[in-house]
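What follows is a short report on a single structure.
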Amino acid sequence: MERLTLDEQLSAAAMARHWVCERCPTEHLPVARRWIAELLTSELVSNALEHGSGPVVLTMTHDEEGIVVGISDGDTRVPALRTQLPGATEGRGIALVDALSTAWGVYRNQRTDPAAPGGAGVQVSWPQPDEDDTRPGTATGKTVWFHLATR
């Protein structure tokens with residue numbers, strides 16, 4: 001698993017998009033699926049910066065089945081999928097994640113249950129943080145993750 005701690009600035013979403021694409025070999029995610037990974041990463045990083053608290057930590061793992069990207073922040077509030085009104089100008093990030101990812105979910109970083117409330121209810125093998133993980137740049141609130149299948 002690879003990890004990047006992001007600064008709390010406007011360019012963090014762009015940095016996160018590029019970081020995910022640079023680290024994902026083509027055999028694990030075709031180019032068209034990378035665009036989706038970029039969009040979803042950008043949405044979740046933006047959400048973490050706007051609604052969460054620092055530090056914001058981006059993690060990614062990949063294998064022959066696809067990629068899993070996680071965005072952690074220090075806030076324990078769990079994002080929820082909301083009904084979208086046609087004229088709404090915000091609140092579409094989680095709807096995009098729900099519509100475009102293979103699976104997604106949320107876990108509190110102090111828990112070991114990857115199927116925390118607010119997710120799609122699909123369990124994905126996701127590396128859990130160590131209970132005593134005190135490395136610099138490790139968020140202690142929650143991680144919102146998404147999985148994109150290779151196909």
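All figures in this text were calculated on a predicted structure; none of them were measured in a lab.
- Between V69 and L58 the shortest side-chain heavy-atom distance falls below 4.5 Å.
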Show me the donor-acceptor pairs within less than 3.5 Å that the side chains of residues 30-41 make with the rest of the protein, sequence neighbours left out.
unit_1: R33; atom_1: NE; unit_2: A149; atom_2: O; d: 3.1
unit_1: R33; atom_1: NH2; unit_2: A149; atom_2: O; d: 3.2
unit_1: R34; atom_1: NE; unit_2: L29; atom_2: O; d: 3.2
unit_1: R34; atom_1: NH1; unit_2: C21; atom_2: O; d: 2.7
unit_1: R34; atom_1: NH1; unit_2: C24; atom_2: O; d: 3.1
unit_1: R34; atom_1: NH2; unit_2: C24; atom_2: O; d: 2.2
unit_1: R34; atom_1: NH2; unit_2: T26; atom_2: OG1; d: 3.3
unit_1: T41; atom_1: OG1; unit_2: A37; atom_2: O; d: 2.7

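- A95 is linked by a side-chain contact (heavy atoms from CB on, under 4.5 Å) to L81, Q84, counting only residues two or more places apart in sequence or in another chain.
- At a threshold of 4.5 Å between non-hydrogen side-chain atoms, the residues T76 and R108 count as touching.
- Across all their heavy atoms, V45 and A16 have their closest contact at CG2-CB, 3.7 Å.
- How far CG of D73 is from CD of E50: 12.0 Å, rounded to the nearest 0.5 Å.
- Judged as a ring pair (Phe, Tyr, Trp, His ring centres under 6.0 Å), the pairs with a partner in residues 36-89 (not counting sequence neighbours) are, in order, H28-H62.
- Atom CD of E43 and atom CZ of F146 lie 10.5 Å apart (nearest 0.5 Å).
- The OG atom of S72 sits 13.0 Å away from the CH2 atom of W145 when rounded to the nearest 0.5 Å.
- The list of side-chain hydrogen bond (donor to acceptor under 3.5 Å, both in side chains) pairs with a residue in residues 13-23, not counting sequence neighbours, reads E2-R23, R17-S42.
- T150 places a side-chain N or O within 3.5 Å of a backbone atom of E65 that can act as its donor or acceptor partner.
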Evaluate the side chain to side chain contact (heavy atoms under 4.5 Å, CB included) criterion for residues V56 and T5: first the C-alpha distance (whole Å), next the side-chain angles of each, then the deciding distance (0.1 Å), finally the verdict. CA-CA 6 Å; V56 174; T5 301; over 6 Å; no
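- Scored by the salt bridge (charged side-chain N to carboxylate O under 4.0 Å, His left out) test, R77 finds D75 as partners (sequence neighbours excluded).
- Minimum interatomic distance between T143 and G70 (heavy atoms only, all atoms of both residues): CG2-CA, 3.9 Å.
- Taking both residues in full, the closest heavy atoms of H147 and G66 are given as NE2-CA, 4.4 Å, listed atom of the first, atom of the second, then distance.
- In this view, Q9 and D7, S11 satisfy the side-chain contact (heavy atoms from CB on, under 4.5 Å) rule, not counting sequence neighbours.
- Pairing each heavy atom of V144 with each of P79, the nearest pair is CG2-CG, 3.7 Å.
- Applying the side chain to side chain contact (heavy atoms under 4.5 Å, CB included) test between I71 and each of N47, T59, L44 identifies L44 as the sole match.
- Note on residues 65-97: no pairs pass ring pair (Phe, Tyr, Trp, His ring centres under 6.0 Å), not counting sequence neighbours.
- Rounding to the nearest 0.5 angstrom, the gap separating the CG atom in L4 from the CE atom in M15 is 6.5 Å.
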